[in-house]
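Notes to accompany the following structure.
Bear in mind that the values here come from a model prediction, so they are computed numbers and not experimental data.
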Amino acid sequence: MQTPYVNVLVITYNHASYIRQAIMSVIEQEVDFSLTVNVLDDCSTDGTQDIIRALKQEYPDKINLFINEKNIGYKVTQKNFHKGFKTLNGKYISILEGDDYWSDTGKLQKQIDFLDNNPEYVGCAHNTLKVYENSTREPHLFLPPPDKERHDIHDLIMISSYFHTTTLTYRHVLKDQVPEYFANPLSCDLFLTMAHAHHGPIRFFAEDVMAGYRDHENGRFSRMSDVKGWIFNIDGLRQYNKWLGYKYRDTFNKSIYRYCTHLLHQGTAANGLTLFKRLKYRAIMRYYRYLSRKPHKSYYSAS
């Protein structure tokens, strides 16, 4: 496989209604560098494979096609993502799920120009528009833009900074050391960004909205309840702390304590916080409150 300057991973499962737009939003990027897209399909059964095979015939030099012989997860899973990530070989990489899309043909050129000229940064991001299937709601920004341009790993651990996967382009610092943790069920886009931010800061372009994120009935995270999402993030943060070798433990301790406090204040039996879960995460909250107050040596102390 030829080494491109930028390599984009599109992961898909049963995205027949969306996959052409996703792939074409990469193909149609206006760039002055070599660009290829690796499409990984997890045994779709709805016609997605017919579409991606036709696109491969149309753009044989632009598309690398990978089709799993066996489904390795319902919808798009971390296991499938890990497999796809290992196919990337560009100097820079970007990730796009098959039901999302890029809305600006200048997205990659702007991001690569910045990264080429700012080698201390490991990645850059912008905002995205959240679009609702069947127009059930008006589109809106996925998140309010943060109030600063430079974001480091401590911002991510505290979840004071968060960027949707569709928006990020990274320097491929993990090319020869793809974390096995990417295949873990608790791994998600937050850990993907942390794993890169471990190598340098992220630049955010607040003025740009260059992608679309679809909310639809088959979306795994878009339909997750608040309580389930909060618990997923708490459990994830506890694992990320371990996966990053406890290098940022002060920040993780404070973040997990704060997140547990939020869960216990906002969660109710009506929205899914059962008595068992309340007792469990109260114990976790108290443990991390103790750790966050306990003095110990660290190269960084979160403020």
Q) What is the minimum heavy-atom distance between Ser103 and Ala211, and which atoms define it? A) OG-N, 3.1 Å
Q: Starting from the C-alpha separation in whole Å, work towards a yes-or-no answer on side-chain contact (heavy atoms from CB on, under 4.5 Å) for Lys86 and His82.
A: CA-CA 6 Å; Lys86 290 195 292 186; His82 178 252; 3.7 Å; yes
**Q.** Interatomic spacing from CD1 in Ile19 to CG in Asp41 - rounded to 0.5 Å
**A.** 8.0 Å
Q) Does a side-chain heavy-atom distance below 4.5 Å link Phe85 with Ile93? A) yes
Q. Can you tell me how far the CG atom of Leu65 sits from the CD atom of Gln49, to the nearest 0.5 Å?
A. 8.0 Å
Q: Apply the side-chain hydrogen bond (donor to acceptor under 3.5 Å, both in side chains) test between Asp113 and each candidate in Lys110, Gln109, Gln111; give the one that qualifies.
A: Gln109
Q: Look at the side chain of Asp42 and the backbone N and O of Asn80, then say whether any donor-acceptor pair between them is shorter than 3.5 Å.
A: no
Q: Kindly work out whether a path of hydrophobic side-chain contacts (I/L/V/M/F/W/Y, heavy atoms less than 4.5 Å apart) joins Ile27 to Leu35.
A: yes
(Q) Between Ser292 and Tyr290, is there a side-chain heavy-atom distance shorter than 4.5 Å? (A) no
Q | Ion pair Lys130/Asp215, N-O distance below 4.0 Å | A | yes
(Q) Students often mix this up, so state it plainly: with edges at 30° and 60°, are the rings of Tyr181 and Phe191 parallel, tilted or perpendicular? (A) perpendicular
Q: Answer yes or no: are there more than 12 heavy-atom neighbours, outside Glu138 itself, under 6.0 Å from its atom CD?
A: no
Q. Any link between Ile95 and Leu143 through a network of hydrophobic side chains (Ile, Leu, Val, Met, Phe, Trp, Tyr) touching at under 4.5 Å?
A. yes
Q. Any donor-acceptor pair under 3.5 Å linking the side chain of Asp152 with the backbone of Asp155?
A. yes
**Q.** Asn68-Lys83 side chain donor-acceptor pair, cut-off 3.5 Å
**A.** yes
Q) Should Phe204 and Leu108 be regarded as members of a common hydrophobic cluster, given that ILVMFWY residues are connected when their side-chain heavy atoms come within less than 4.5 Å of each other, either directly or indirectly? A) no
**Q.** Closest non-hydrogen atom pair, Tyr121 against Leu115
**A.** O-CD2, 3.9 Å
Q) Do Thr128 and Leu141 come within less than 4.5 Å of each other through their side chains, counting heavy atoms only? A) no
Q) Do you know the tightest heavy-atom contact between His126 and Asp208? A) CB-O, 3.6 Å
Q | Chi angles and distances behind the side-chain contact (heavy atoms from CB on, under 4.5 Å) call for Gln78, Asn184 | A | CA-CA 6 Å; Gln78 287 86 344; Asn184 189 286; over 6 Å; no
Q. Of all residues at least two apart in sequence or in a different chain, which pass the salt bridge (charged side-chain N to carboxylate O under 4.0 Å, His left out) check with Asp189?
A. none
Q: Carefully, step by step, assess Met210 and Thr167 under the rule side-chain contact (heavy atoms from CB on, under 4.5 Å).
A: CA-CA 7 Å; Met210 298 192 285; Thr167 76; over 6 Å; no
Q.
If we count only N and O atoms by modelled type, under 3.5 Å, do the side chains of His262 and Tyr257 hold a donor and an acceptor together?
A. no
(Q) Would you say that Ile153 contacts His196 through its side chain, given a criterion of any heavy-atom pair below 4.5 Å between the two side chains? (A) no
Q. Does any N or O in the side chain of Thr48 come within less than 3.5 Å of the main-chain N or O of Ser44, such that one atom is a donor and the other an acceptor?
A. no
Q: Kindly check if the number of other-residue, nucleotide or ligand heavy atoms within 6.0 Å of NZ (Lys148) is above 12?
A: yes
Q.
Can a donor-acceptor pair be found, under 3.5 Å and without considering hydrogens, that links the side chain of Arg278 to the backbone of Gly267?
A. yes
Q) Above 12 or not: heavy atoms from other molecules or residues under 6.0 Å from CD of Gln177? A) yes
**Q.** Audit row: Tyr5, Val31, side-chain contact (heavy atoms from CB on, under 4.5 Å) steps and yes/no
**A.** CA-CA 11 Å; Tyr5 202 63; Val31 298; over 6 Å; no
Q) Considering only heavy atoms from C-beta outward, does the side chain of Ser94 approach that of Tyr170 to under 4.5 Å? A) no
Q: Measure across Asp61 and Thr36 and return the closest heavy-atom pair with its distance rounded to 0.1 Å.
A: O-CG2, 3.8 Å
Q) Taking side chain as C-beta onward, heavy atoms only, is Lys107 less than 4.5 Å from Phe205? A) no
Q) Looking just at side-chain N and O atoms, do His15 and Thr12 make a donor-acceptor pair shorter than 3.5 Å? A) yes
Q. Can you tell me if Asn253 uses its side chain to pair, donor with acceptor, with the backbone of Arg249 under 3.5 Å?
A. yes
(Q) Run the ring-ring contact (aromatic ring centres under 6.0 Å, His included) test on His151 and Phe163 for me, step by step, so that the C-alpha distance in whole Å, both residues' side-chain angles and the decisive distance to 0.1 Å come before the verdict. (A) CA-CA 10 Å; His151 304 258; Phe163 314 108; 5.1 Å; yes
Q | Leu88 side, atom CG; Lys175 side, atom NZ - distance, nearest 0.5 Å | A | 10.0 Å
**Q.** Single-linkage hydrophobic cluster, 4.5 Å side-chain cutoff, Leu192 and Val37 together
**A.** no
Q. For the atom pair NZ (Lys254) and CG (Leu291), what is the distance rounded to the nearest 0.5 Å?
A. 13.5 Å
Q) Between Phe114 and Cys124, what is the shortest heavy-atom contact and its length? A) CD2-CB, 4.2 Å
Q) What about Leu263 and Ile157, same hydrophobic cluster or not, with Ile/Leu/Val/Met/Phe/Trp/Tyr joined at side-chain heavy-atom distances under 4.5 Å? A) yes
Q: Work out which heavy atom in Asn89 is nearest to a heavy atom in Pro4; give both atom names and the distance.
A: OD1-CD, 3.2 Å
Q) Is the charged tip of Arg171 near the ring of Tyr92: under 6.0 Å from the six-membered ring centre and within 45° of its axis? A) no
Q: For side-chain hydrogen bond (donor to acceptor under 3.5 Å, both in side chains), just list the numbers for Thr87 and Asn38, CA-CA rounded to whole Å, side-chain angles, deciding distance to a tenth of an Å, and then say yes or no.
A: CA-CA 7 Å; Thr87 70; Asn38 292 5; 3.0 Å; yes
Q: Taking the side chain as every heavy atom from C-beta outward, state whether Trp102 and Val8 have any pair of such atoms under 4.5 Å apart.
A: yes
(Q) Treating Tyr240 as the side-chain partner and Leu186 as the backbone partner, does any N or O pair qualify as donor plus acceptor under 3.5 Å? (A) yes
Q: Flag the pair Trp230 / Gln266 as yes when at least one side-chain heavy-atom distance between them is below 4.5 Å, and no otherwise.
A: yes
Q. Is there a ring-ring contact (aromatic ring centres under 6.0 Å, His included) between Phe182 and Phe81 once you walk through the steps?
A. CA-CA 7 Å; Phe182 280 174; Phe81 169 77; 5.6 Å; yes
Q.
Using side-chain hydrogen bond (donor to acceptor under 3.5 Å, both in side chains), reason through Tyr18 and Glu133 one step at a time and then give a plain yes or no.
A. CA-CA 11 Å; Tyr18 318 117; Glu133 191 173 47; 2.3 Å; yes
Q: Could you grab the distance from atom OH of Tyr259 to atom CD1 of Ile231, nearest 0.5 Å is fine?
A: 10.5 Å
Q: Measure the spacing between CZ of Arg289 and CZ of Arg286 and express it to the nearest 0.5 Å.
A: 6.5 Å
Q: Mark yes or no for whether Gln239, through its side chain, and Asp235, through its backbone, hold a donor-acceptor pair below 3.5 Å.
A: no
